[in-house]
Amino acid sequence: MAKIGINIATGSLQKEEMIVGIDLGTTNSLVAIIHPENRQPVALKEHNSSSLVPSIVHFDKTGNITVGEEAKQYLVTEPHNTIFSAKRLMGKSYNDIKDNASFFTFKVIDDNTESLVKVQVGDKFYSPIDLSSFILKELKQRAEHILKTPVTKAVITVPAYFNDAQRQATRDAGKLAGLDVLRIINEPTAASLAYGLGLGKEEIKTIAVYDLGGGTFDISILQITNGIFEVLSTNGDTYLGGDDFDRLIVHYWMKQSGISETEISANKELSQALRLKAEEAKKYLSSNENFEAKVENISLKLSKQEFESLAAPLIERTIQSCRNAIADAKVDVQQIDSVVMVGGSTRVPAVKKAVSDFFGSPVNDTVNPDEVVALGAAVQADILAGNNKEFLLLDITPLSLGIETMGGLMDVLIPRNSKIPTKAGRQYTTHKDGQSSMRITVFQGERDLVQDNRKLAELNLSGIPGMPAGLPKVEVSFLINADGILVVKAKELRSGVEQSVEVKPQYGLSDMEVEKMLLDSLTHAKDDIAKRALVEARTEGEQLLQTTEKFIGKNASLLTQHELIQTAEAMQALQLALTMEDKDLIHKKVEELNDISRPYAERAMDQAVSSAMKGRAI
Ligand code: ADP
Ligand code: MG
């Protein structure tokens with residue numbers, strides 16, 4: 001049931017909109033709200049189904065997209081167009097993930113650069129933001145179907161270790177799905193809130209949040225001081241989770257029944273069936289002693305004891321992480337006031353026991369561990385909605401603040417709804433050789449292109465000593481003090497040249513204008529993000545053309561005639577693609593040029609190394 005309120009300023013009646021909490025997980029995602037009648041957090045679900053939506057996106061031949069249980073069925077049979085674990089790619093470049101590239105069964109573009117990763121399905125390219133937005137859109141639709149009302153406002157959770165770029169990517173995904181993301185909060189913070197920890201006005205506590213999900217393990221140590229959460233340390237393993245338990249069980253069964261590796265890799269159906277049975281067995285053994293089943297006439301058996309000895313080494317690894325986190329937080333185990341259990345895999349009794357033994361106290365496990373993060377996000381959403389009058393909302397920034405970057409894009413330094421005072425900083429560099437000045441233009445607003453936002457100030461950092469493009473390090477910092485004054489500073493770190501300016505962001509801006517800017521950002525989200533993707537693709541393409549040209553200029557003698565011709569053709573094709581409004585085409589041409597240049601770039605590298613060796617005195 002929605003509430004009706006009266007807007008005092010305009011006198012109009014308005015239906016108060018529900019703000020939902022969303023756990024956008026690596027394995028599973030879900031939505032929760034505060035129930036309007038009993039005021040308790042609840043996870044949303046349709047009759048007779050689970051609240052969990054597998055974070056899996058399937059693309060069929062015609063480009064149709066399905067998300068969730070339905071998509072999960074294609075994991076083994078259509079690995080190239082069934083995307084899982086998109087969250088692991090958020091805000092990452094290929095260099096960041098290349099050590100784990102074999103983990104992904106779909107095509108992740110391996111251009112060996114620092115630009116953000118993309119996933120290729122057929123002849124289309126998707127960013128992790130796109131993929132996450134498909135999941136969020138599905139969650140939004142389900143929530144609307146269940147609540148019978150539009151859902152446009154949300155709080156979304158992210159791991160405590162997510163950096164700025166990953167948080168911004170999550171916000172963008174929300175926006176693309178038609179959601180106004182009021183706040184991004186840390187998963188361990190949300191889990192604590194779901195247990196009511198940190199809700200007291202005068203409360204000082206140290207909390208450990210142990211989160212063992214499907215594919216990841218996180219331990220966070222939090223300090224709560226009068227409603228403010230601070231992350232003291234995080235630790236964990238981004239490739240350790242319940243899926244590893246399943247894998248161990250499959251191997252155990254293979255050994256027992258004499259099934260070989262070659263047999264299993266040739267038989268996809270059997271492989272999938274064993275995987276699913278293993279997960280079933282694991283879950284069953286969380287509350288029973290013995291599991292028995294049959295798959296293709298192979299009889300499978302597993303006792304709780306057998307499972308526990310298989311899992312023991314993995315569990316021990318998580319405990320070692322806990323030890324490290326405690327040390328990094330500079331606290332003693334005895335100082336931890338509460339331990340909160342999060343993630344489906346903490347249902348395993350041996351996990352619970354190991355954790356409570358390590359911390360020397362019983363753990364908090366009364367709230368459903370795979371819903372607890374979403375439930376906490378709903379608690380935070382309710383506070384933001386102002387329904388929880390016990391809680392005072394601190395001063396916040398109503399609109400995002402950022403600067404203009406290449407191609408007229410808005411680069412947000414302080415997202416909207418940040419508590420003030422606050423500060424943020426980021427490093428930038430030049431893109432022309434010998435560039436001696438840099439113009440920094442400050443904007444406010446939620447749109448992706450600065451031309452649609454509100455310009456606040458401009459400063460010109462001059463006197464940068466001549467250096468090759470990319471070498472100067474210009475640190476731009478934003479500081480908003482308690483009075484809401486924004487101080488923007490730019491400093492070239494190698495030479496020390498510095499410049500700053502002060503602005504009052506709220507000056508001359510009414511609540512209605514703020515409201516309109518927010519609305520605009522939602523109605524234009526799709527268009528905006530498409531434009532941003534195009535600008536980013538073009539920038540990447542232009543940079544590749546420049547570096548290739550430079551490289552050929554220096555190393556032409558290393559290339560065969562054929563390679564020279566091929567390169568010239570690929571460069572021309574890319575040049576042409578840059579003039580068109582098609583980001584997928586640009587990515588494709590970038591890929592092609594990269595493929596052509598890779599062999600001779602490697603040759604040049606080898607030669608540089610061997611001539612360096614020759615020159616070295618022994
Ligand atoms: P994530 O945070 O990575 O999205 P979840 O918290 O939803 O993941 O956890 C999913 C994992 O929990 C899966 O590996 C699943 O098999 C496991 N799981 C769910 N229920 C149980 C159970 N009863 N016993 C053991 N493991 C479980
Ligand atoms: Mg989770």
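Fair warning: this is a prediction, and the values are worked out from it, not measured in the lab. Atoms within a ligand are numbered from 1 in the order they appear, just like the ligands themselves.
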> Considering only NZ, NE, NH1 and NH2 on the basic side and carboxylate oxygens on the acidic side, decide whether Lys137 and Asp130 come within less than 4.0 Å.
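No.
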> To which protein heavy atom is atom 14 (O) of ligand 1 closest, and what is the distance rounded to 0.1 Å?
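Looking at atom 14 (O) of ligand 1, the protein heavy atom closest to it is Lys282 NZ, 3.3 Å.
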> Can you pull out the closest protein heavy atom to atom 7 (O) of ligand 1? Residue, atom name and distance to 0.1 Å, please.
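Nearest neighbour among protein heavy atoms for atom 7 (O) of ligand 1, to 0.1 Å: Asn28 ND2, 2.8 Å.
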> Taking the inter-plane angle between the rings of Phe134 and Phe59 on a 0 to 90° scale, is it parallel (under 30°), tilted (30 to 60°) or perpendicular (over 60°)?
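Phe134 and Phe59: perpendicular rings.
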> Which residue and non-hydrogen atom of the protein lie closest to atom 6 (O) of ligand 1, and at what distance in Å?
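Sorting protein heavy atoms by distance from atom 6 (O) of ligand 1 puts Gly344 N, 3.0 Å first.
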> Within the structure, is a non-hydrogen atom of Ser345 found at a distance of less than 4.0 Å from ligand 1?
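Within the 4.0 Å threshold, so yes.
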> Work out which heavy atom in Leu44 is nearest to a heavy atom in Ala143; give both atom names and the distance.
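Shortest heavy-atom separation between Leu44 and Ala143 comes out as CD1-CB, 3.7 Å.
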> Going by atom type alone, with no hydrogens or angles, which donor-acceptor pairs under 3.5 Å involve a side-chain atom of residues 228-240 and a protein atom two or more places apart or on another chain?
from, atom 1, to, atom 2, distance (Å)
Ser233, OG, Ala325, O, 2.7
Asp237, OD1, Tyr239, N, 2.8
Asp237, OD2, Arg317, NH2, 2.7

> Can you list the ligand 1 atoms lying under 4.0 Å from a non-hydrogen atom of Gly25?
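Near Gly25, meaning under 4.0 Å from one of its heavy atoms, ligand 1 has 4 (O).
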> Is the closest basic N to carboxylate O distance between Asp411 and Arg426 below 4.0 Å?
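A salt bridge is present here (some side-chain N lies under 4.0 Å from a carboxylate O).
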> At what distance is the nearest protein heavy atom to atom 10 (C) of ligand 1, and which residue and atom is it?
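The answer is Gly214 N, 3.6 Å.
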> Where the closest heavy atom to atom 19 (C) of ligand 1 is concerned, which of Glu371, Lys283, Lys87 has it?
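Nearest option to atom 19 (C) of ligand 1, by heavy atoms: Lys283.
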> Under 3.5 Å, side-chain donor or acceptor atoms of residues 331-344 against the rest of the protein: list the pairs with distances, not counting sequence neighbours.
from, atom 1, to, atom 2, distance (Å)
Gln335, OE1, Asp332, N, 2.8
Asp337, OD2, Thr206, N, 2.8

> Atom 23 (N) of ligand 1: which protein heavy atom is closest, and how many Å away?
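Answer for atom 23 (N) of ligand 1: Arg347 CD, 3.6 Å.
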> So for ligand 1, is Ser286 a polar contact partner (N or O within less than 3.5 Å, distance only)?
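Yes; the residue has a nitrogen or oxygen that sits under 3.5 Å from a nitrogen or oxygen of the ligand.
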> What protein heavy atom sits nearest atom 3 (O) of ligand 1, and how far away is it?
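Of every protein heavy atom, Thr27 OG1, 2.8 Å lies nearest to atom 3 (O) of ligand 1.
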> May I ask you to list the atoms of ligand 1 that are less than 4.0 angstrom from any heavy atom of Gly343?
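The list of qualifying atoms is 6 (O).
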> Testing Lys153, Arg416, Lys175 for salt bridge (charged side-chain N to carboxylate O under 4.0 Å, His left out) with Asp180, which one passes?
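Only match with Asp180 under salt bridge (charged side-chain N to carboxylate O under 4.0 Å, His left out): Arg416.
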> Kindly give the heavy-atom pair with the smallest separation between Leu314 and Leu248, and that separation in Å.
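Nearest pair, atom of Leu314 first, then Leu248: CD1-CD1, 3.7 Å.
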> Of the protein's non-hydrogen atoms, which lies at the shortest distance from atom 15 (C) of ligand 1, and what is that distance?
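Of the protein heavy atoms, Glu279 OE2, 3.3 Å lies nearest.
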> Of all the non-hydrogen atoms in the protein, which one sits nearest to atom 2 (O) of ligand 1, and at what distance?
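So the nearest neighbour among protein heavy atoms is Gly213 CA, 4.1 Å.
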